[in-house]
Amino acid sequence: MTVIRGATTIPCDSAEEIKKAVKELLEQIESRNGLKRDEIVSLVFSSTSDIHSYYPAKAAREAGFASCSLFSAQEPDIDGGLPLCIRAMLFVGKNLAPSHVYLRGARVLRKDLADKINIAIDGPAGSGKSTVAKALARDFNILYLDTGAMYRACALKALEAGVDTEDEAAIVDLMKDVKLDVVYEDGVQKTLLDGRDVSEDIRKPPVSMAASAVSKLPSVRMHMTEKQREIAGRMSCVLDGRDIGTFVLPEADFKFYLTASPRVRAKRRFDELTAKGYQVDPDELLTEIIRRDEQDSTRSLAPLKRADDAVEIDTSDLTAEEVLALVKQKIGEKI
Ligand code: DC
């Protein structure tokens, strides 16, 4: 006897969605475990208490899983639990190494079992991307990749070497001999230039505008994109940037686009920088944010843009906790 676990989510409580999700889940469990239908002895379902429209067991019978015994039950309400979730347990009459199957929003429940998950969070400077990305990565126990840090490292190198950040040939030349690494220590991303930890230096105010300038250069972009795709191809991660959902990972599982008014974003940057001890002028920061938005969204290759299938969230009047809760809710609801 083998027991196989599975779970999935539905976008809304309707009989049609329940039937579709149950059929998809069972067919996936069957094919990933190489099961014949008559090898399934029993099928037990539980669903969250926000599901009322249909019994998953009935949906299973109608999907052709009729020869085994079927049972559905409702789960208690658990604070913070994934909403609209259906869980399944299959008892199989032979011994095998089971492949458990977690689909749709339920993939976040078992990162250890599910395929790799990539979450793309794009948006302009100060929209709250990195705060939510870090918190998501922590809560889901997956990697956080700050792609802006990679452009910032390239810009820092150019500034230190006195190379014009608009001069593509010179920047390419400079980057040829530079080793840019992104490493993780205790879950925190560190950016290394030739082995030197530049994680703090790349946050200095002059680097922001320079990063935006080098990020316009197609050869720099392609180089960074390749690195980002390589990391995201290997492991589950949350990536924040400008072009993750549109260009780097158009197939990302979950996509978000955060916005906020320029004034709110400039204020956030001001608070962040003054807390680190930098002397900054709030009006200059606002001007810089507007210039950077313009530069990032008008470049020819992979500009700052919302992907058509990204969930847009205006964070102007939301706390970081509210943004995180909203993002998690959308992940849970996603088909
Ligand atoms: O997110 P940030 O402020 O650290 O990014 C610095 C600059 O890098 C930003 O103005 C544009 C560029 N960037 C980009 O073009 N694409 C990304 N995926 C991330 C950052």
Side-chain angles (χ1 to χ4, degrees), residues 118-134 144-159 165-166 168 171 175 180 182 188-191 193 198-232 237-250 252 255-260 262 264-273 276 278 280 285-307 310 315:
N118 290 148
I119 304 174
I121 303 186
D122 290 305
S127 56
K129 302 183 300 290
S130 67
T131 308
V132 71
K134 275 182 209 157
Y144 163 51
L145 181 61
D146 170 3
T147 64
M150 298 166 74
Y151 292 97
R152 285 173 177 269
C154 174
L156 177 68
K157 181 73 195 175
L159 291 177
T165 51
E166 306 274 337
E168 184 158 18
I171 299 274
M175 293 310 285
L180 167 62
V182 176
V188 177
Q189 174 172 320
K190 293 216 158 131
T191 309
L193 261 183
V198 293
S199 312
E200 278 301 312
D201 289 352
I202 58 171
R203 301 287 153 202
K204 289 183 177 159
V207 180
S208 302
M209 216 48 225
S212 176
V214 296
S215 76
K216 277 197 304 187
L217 308 174
S219 24
V220 171
R221 286 214 80 75
M222 288 320 297
H223 179 70
M224 302 301 182
T225 299
E226 226 169 87
K227 264 185 183 290
Q228 292 155 16
R229 286 182 181 154
E230 190 268 320
I231 294 172
C237 48
V238 188
L239 300 92
D240 76 359
R242 304 290 187 286
D243 60 339
I244 309 302
T246 51
F247 185 69
V248 178
L249 299 175
K255 296 184 189 179
F256 295 91
Y257 188 81
L258 304 192
T259 60
V264 167
R265 293 189 283 123
K267 168 84 171 67
R268 286 177 185 159
R269 269 295 126 88
F270 178 79
D271 292 344
E272 225 170 84
L273 290 168
K276 284 186 183 169
Y278 293 114
V280 277
L285 269 182
L286 178 60
T287 312
E288 186 206 283
I289 285 241
I290 293 170
R291 272 179 55 215
R292 204 138 69 94
D293 285 357
E294 163 76 11
Q295 181 155 270
D296 292 345
S297 48
T298 55
R299 66 176 173 235
S300 55
L301 179 61
L304 165 65
K305 200 169 116 207
R306 181 176 84 83
T315 68

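Whatever order the structure lists ligands and atoms in, that order sets their numbers, starting from 1. The first residue in the sequence is number 1, and the count goes up from there.
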Close side-chain approach of Gln295 and Arg299, heavy atoms under 4.5 Å: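 No, too far: nothing below the 4.5 Å cut-off.
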Axial cation check for Phe247 ring with Arg229, 6.0 Å and 45° limits: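 Relative to the ring axis of Phe247, which defines the angle, Arg229 lies inside both limits.
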Identified side-chain contact (heavy atoms from CB on, under 4.5 Å) counterpart of Pro124 within the set Asp296, Leu304, Ile289: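 The option that passes is Leu304.
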Atom 19 (C) of ligand 1: nearest protein contact (heavy atom, Å):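 For atom 19 (C) of ligand 1, the nearest protein heavy atom is Thr147 OG1, 3.3 Å.
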Nearest protein heavy atom with distance in Å, relative to atom 8 (O) of ligand 1: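 Going by distance alone, atom 8 (O) of ligand 1 is nearest to Tyr151 CB, 3.6 Å.
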Less than 3.5 Å between some nitrogen or oxygen of [X] and one of ligand 1, yes or no?
X      : value
Ser208 : no
Asp296 : yes
Arg242 : yes
Gln228 : no
Ser215 : yes

Nearest neighbour of atom 16 (N) of ligand 1 from the list Glu288, Arg203, Arg221, Arg152, on a heavy-atom basis: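 Considering heavy atoms of Glu288, Arg203, Arg221, Arg152, the nearest to atom 16 (N) of ligand 1 sits in Arg221.
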Verdict with supporting geometry, Lys204 and Asp201, salt bridge (Lys or Arg N to Asp or Glu O under 4.0 Å): CA-CA 6 Å; Lys204 289 183 177 159; Asp201 289 352; 3.3 Å; yes
Presence of salt bridge, [Y] and [X], under 4.0 angstrom:
X      : Y      : value
Glu168 : Lys216 : no
Arg291 : Glu294 : no
Arg152 : Asp146 : no

Proximal atoms of ligand 1 relative to Gly241 (non-hydrogen, under 4.0 Å):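 Result: 17 (C), 18 (N), 19 (C).
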Where ligand 1 meets Arg292 - atom numbers and elements under 4.0 angstrom, heavy-atom basis: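 Within the 4.0 Å cut-off of Arg292, ligand 1 contributes 3 (O), 5 (O), 6 (C), 7 (C), 9 (C), 10 (O).
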Close approach of Met209 to ligand 1, heavy atoms, under 4.0 angstrom: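 Contact check Met209 vs ligand 1: negative.
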Thr315 versus Arg268, side-chain donor and acceptor atoms under 3.5 Å: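 Yes, a side-chain donor-acceptor pair sits under 3.5 Å.
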